[in-house]
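See structure below.
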Amino acid sequence: MSHLQVHGGTPLQGEITVRGAKNFVSKAMVAALLGEDTSELRNVPEIRDVNVVAGLLRLHGVQVERDVPGGVVRLDPRNVEIAHKADIDTHAGASRIPILLCGPLLHRLGEAFIPDLGGCRIGDRPIDYHLEILRQFGAQVDKLDTGILITAPRGLHGTKVDLPYPSVGATEQLLLTAVRAAGVTELRNAAIEPEIMDLIAVLQRMGAIISVDTDRVIRVEGVPRLGGFTHAALPDRIEAASWASAALATRGDVYVRGARQPDMMTFLNTFRKVGGEFDIDDDGIRFRHPGTELASIVLETDVHPGFMTDWQQPLVVALTQATGLSIVHETVYENRFGFTEALRQMGATIQVYRECLGGLECRFGQRNFFHSAVVSGPAPLRAADIEVPDLRGGFSHLIAALAAEGTSQVRGIELINRGYENFTGKLEALGATFETV
Ligand code: EPZ
């Protein structure tokens, strides 16, 4: 397992490009399974999640062709068959995507099997909403010791769902099932992230009938047949914000080609409040450190259009360099401050709390989850030997190593490959000094 030896203290300066959003492209590939024609997805990044989903789809008989440098994936779902359960296991451990194959496979084959799911350890990541939604469509859910077998002997019919929490995955589960279910489906308290809206755009191109009301109620009229789609994925706003935070933390100046303002409004407001400067043009956004001290802030993560939970971890590294006390209340996941342990080892002053340190209603108050943090700065960071805990925490560790004085060892960088395309190439383009050992 290779690791990075990072020589910190050099500001990141230069230009990088972000391509399609990790949390959209995998779902659009699954959506192709619903169609009776071929589909083409563009602006697809070369990340592990795409490989995992391509492998899963091939297991089910979908022909997947890739032009990796060109960022094009072509999918032909016309010969879909049931995959062998053991084969699914080998592919699925690294991702939560298999759960989203259920609706399409139930429509195509009448059954689906889900092995135990992978994905980052940032809470217990349950799938209870997903299974309840499938049951409401008329599916039979049987828990086996190797995973979950789902069948729909009498087909799937429209239903009314009221989500306890606006879950992105559960909303996608419903969309991918409702579009071909008989009758009308209604989803209340739906997630409406840009990645969800792009998935709805893809489904509409395939022939679906979907509306999104101002009160976040999604309605779907099932159709008997869907065609293929051609679509260019929206850019990855999480990666764009990660590099913006890296520019702040390293006192740098980074142009992110492909970054799109509408998807990042809340991040940009927060970036400005911390003291960061940015210039927006038609092709991207330039993020830079102001050259003066950074300001501490009060931050709460939330569902869209709030401050995205995936933006929190990289930004916290920049907050360790801000003057004063910053307060962060993580309301989407119960356990998303694990990465702060390594930052404390490097000299950061961060205290995590069980209490909700913010005004937003939160599911984790007084339930023994350390989901609030106070960050005191500026705290000079010292190099350390770091083990990457998860995708976004891992990128945060990388930023911290780049900001720290001295040489850090960053291990487990494969986790970062899951969601950041060619990140070592981008680090080189931005003038970072490091070796892969
Ligand atoms: C998606 O995860 C993203 N992953 C996450 O990005 C992102 O942080 C999250 O949405 C929120 O925006 C992908 O799209 C692959 P949720 P998802 O269902 O769909 C609870 C990254 O680093 N919940 O919106 O799994 C859940 O525990 C990743 O790119 C249930 O209780 O997130 C959490 O507290 C990290 N039961 C909350 O909902 C369920 O059945 C939000 O989860 C489902 C979810």
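Since the structure is predicted, the reported quantities are computational estimates derived from the model, not experimental observations. Just so you know, ligand 1 is whichever comes first in the structure, and atom 1 is the first atom listed for that ligand.
The closest approach between Gly419 and ligand 1 stays at or above 4.0 Å for every heavy atom of the residue. Using a non-hydrogen distance threshold of 4.0 Å, Glu195 does not register as a contact of ligand 1. Residue-ligand proximity: Arg363 is placed with a non-hydrogen atom under 4.0 Å from ligand 1.
For the pairing with Glu330, the side chain to side chain donor-acceptor pair (under 3.5 Å) check across Gln312, Arg336, His371 returns one residue only, Gln312.
Aromatic rings from Trp243 and Phe395 are positioned such that their centres are separated by under 6.0 Å.
Residue pairs that meet the salt bridge (charged side-chain N to carboxylate O under 4.0 Å, His left out) test with at least one member in residues 191-204, sequence neighbours left out, are Glu195-Arg237. The salt bridge (charged side-chain N to carboxylate O under 4.0 Å, His left out) contacts involving residues 352-374 comprise nothing, where partners must be two or more places apart or lie in separate chains.
Ring pair Phe278/Phe287 is tilted by interplanar angle, where 30° to 60° counts as tilted.
Atoms of ligand 1 found under 4.0 Å from any heavy atom of Arg336, numbered from 1 in the order shown, are 8 (O), 22 (O), 35 (C). Each of the atoms 33 (C), 34 (O), 37 (C), 41 (C) of ligand 1 lies under 4.0 Å from some heavy atom of Val332.
The residue from Gly169, Pro126, Ser167 that puts a heavy atom closest to atom 26 (C) of ligand 1 is Pro126.
Between Glu387 and Arg411 there is no salt bridge, since no side-chain N of the basic residue sits under 4.0 Å from a carboxylate O of the acidic one.
At a 4.0 Å heavy-atom cut-off, ligand 1 touches Thr309 through the side chain alone. When non-hydrogen atoms are compared, ligand 1 lies under 4.0 Å from the side chain of Tyr165 (C-beta onward) but not from its backbone. If you look at His130 next to ligand 1, the close heavy atoms, those under 4.0 Å, come from the backbone and the side chain alike. When heavy-atom distances to ligand 1 are checked against a 4.0 Å cut-off, Asp310 comes that close only through its side chain, counted from C-beta outward.
In terms of polar-atom proximity, defined here as any N/O pair under 3.5 Å, Arg392 does make such a contact with ligand 1. Backbone and side-chain nitrogen or oxygen atoms of Val168 are examined, and one is located within less than 3.5 angstrom of a nitrogen or oxygen of ligand 1.
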